[in-house]
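Read through the structure below, which is laid out as C-alpha cells, and then see the notes.
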Amino acid sequence: MVRLATNVTDPIGDLLTRIRNANLAYKDDLVVPASRMNGSILKILDAEGYIDAFAQEGEGVERVFRVNLKYGAKRERTISGLKRVSKPGRRIYTGRTELPRVLGGLGIAIVSTSQGVMTDKDASRKGIGGEVLAYVW
C-alpha cells in the first residue's frame, strides 16, 4: 500500500499539483489522498473528460484515490493547464452573474457552492455562485 504524507495546508492545491506534475511527466496513473473534496473534484474531471478514471483504494487513514490520466492517440495531453484560484490566504467568491468563463468556454471552472462542487456551467444553470476553486483547460 502507498503511504502518503497528508500534512499540507492546501489539499486542493496539492491535488492539482500532483495531477499537473504527473501529466507533464506523461505518467499513466497517480495516487492522491482520499477526501470528499478530492473525490468531488476528480468526479468533475472524470465527467468532463479530463481524466480517464479514478478509484478508491485502501481502508481508514490509508485511503487513497488512484487516478488514471487520459492522453490522445499520439500521447497528446487532455489537460493543458490547471490553475488554483481561491487559496487559503485569499479566498475568491463569485456571485451567480460573475461566474468565470475559462478560455471562452473551452475550459471549466470548478466552483464550490452551497449545493456541492460543480462546474461553472452547472452553477450558472442553477443560478448560484460560490467559491472558485480552480480553472482547468
Contact check, side chains of [X] and [Y], non-hydrogen atoms, under 4.5 Å:
X: I128; Y: M118; result: yes
X: V136; Y: I44; result: no
X: K27; Y: N21; result: no
X: R77; Y: Y71; result: yes
X: D10; Y: R84; result: yes
X: N23; Y: L82; result: no

In Å and rounded to the nearest 0.5 Å, what is the [atom1] to [atom2] distance from [X] to [Y]?
X: D28; Y: K70; atom1: CG; atom2: NZ; result: 14.5 Å
X: K43; Y: R36; atom1: NZ; atom2: CZ; result: 10.5 Å
X: L16; Y: Y135; atom1: CG; atom2: OH; result: 13.0 Å
X: L69; Y: D29; atom1: CG; atom2: CG; result: 7.5 Å

Are [Y] and [X] connected in a single hydrophobic cluster, I mean Ile/Leu/Val/Met/Phe/Trp/Tyr linked by side-chain heavy atoms less than 4.5 Å apart?
X: L24; Y: W137; result: no
X: L15; Y: L30; result: yes
X: V132; Y: I41; result: no
X: M37; Y: V85; result: no

Keeping E62 on the side-chain end and G60 on the backbone end, is there a donor-acceptor pair under 3.5 Å? no
Has the side chain of T78 got a donor or acceptor atom that lies under 3.5 Å from a matching backbone atom of Y50?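 Pair found, side chain donor or acceptor close to backbone of Y50.
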In terms of ring plane angle, is the pair F54 and F65 parallel, tilted or perpendicular, where the classes change at 30° and 60°?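 Geometry flag for F65 against F54: perpendicular rings.
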Please tabulate, one pair per line, all N/O donor-acceptor pairs under 3.5 Å involving side-chain atoms of residues 90-111, not counting sequence neighbours.
from : atom 1 : to   : atom 2 : distance (Å)
R91  : NH1    : E131 : OE2    : 3.1
E98  : OE1    : G95  : N      : 3.1
R101 : NH2    : G104 : O      : 2.6

If the threshold is 4.0 Å, N to carboxylate O, is there a salt bridge linking K126 and D122?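 Salt bridge flag = no for D122 with K126.
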K87 with D14: basic N within carboxylate O range, under 4.0 Å: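 Judged by the 4.0 Å cut-off on N to carboxylate O distance, K87 and D14 do not form a salt bridge.
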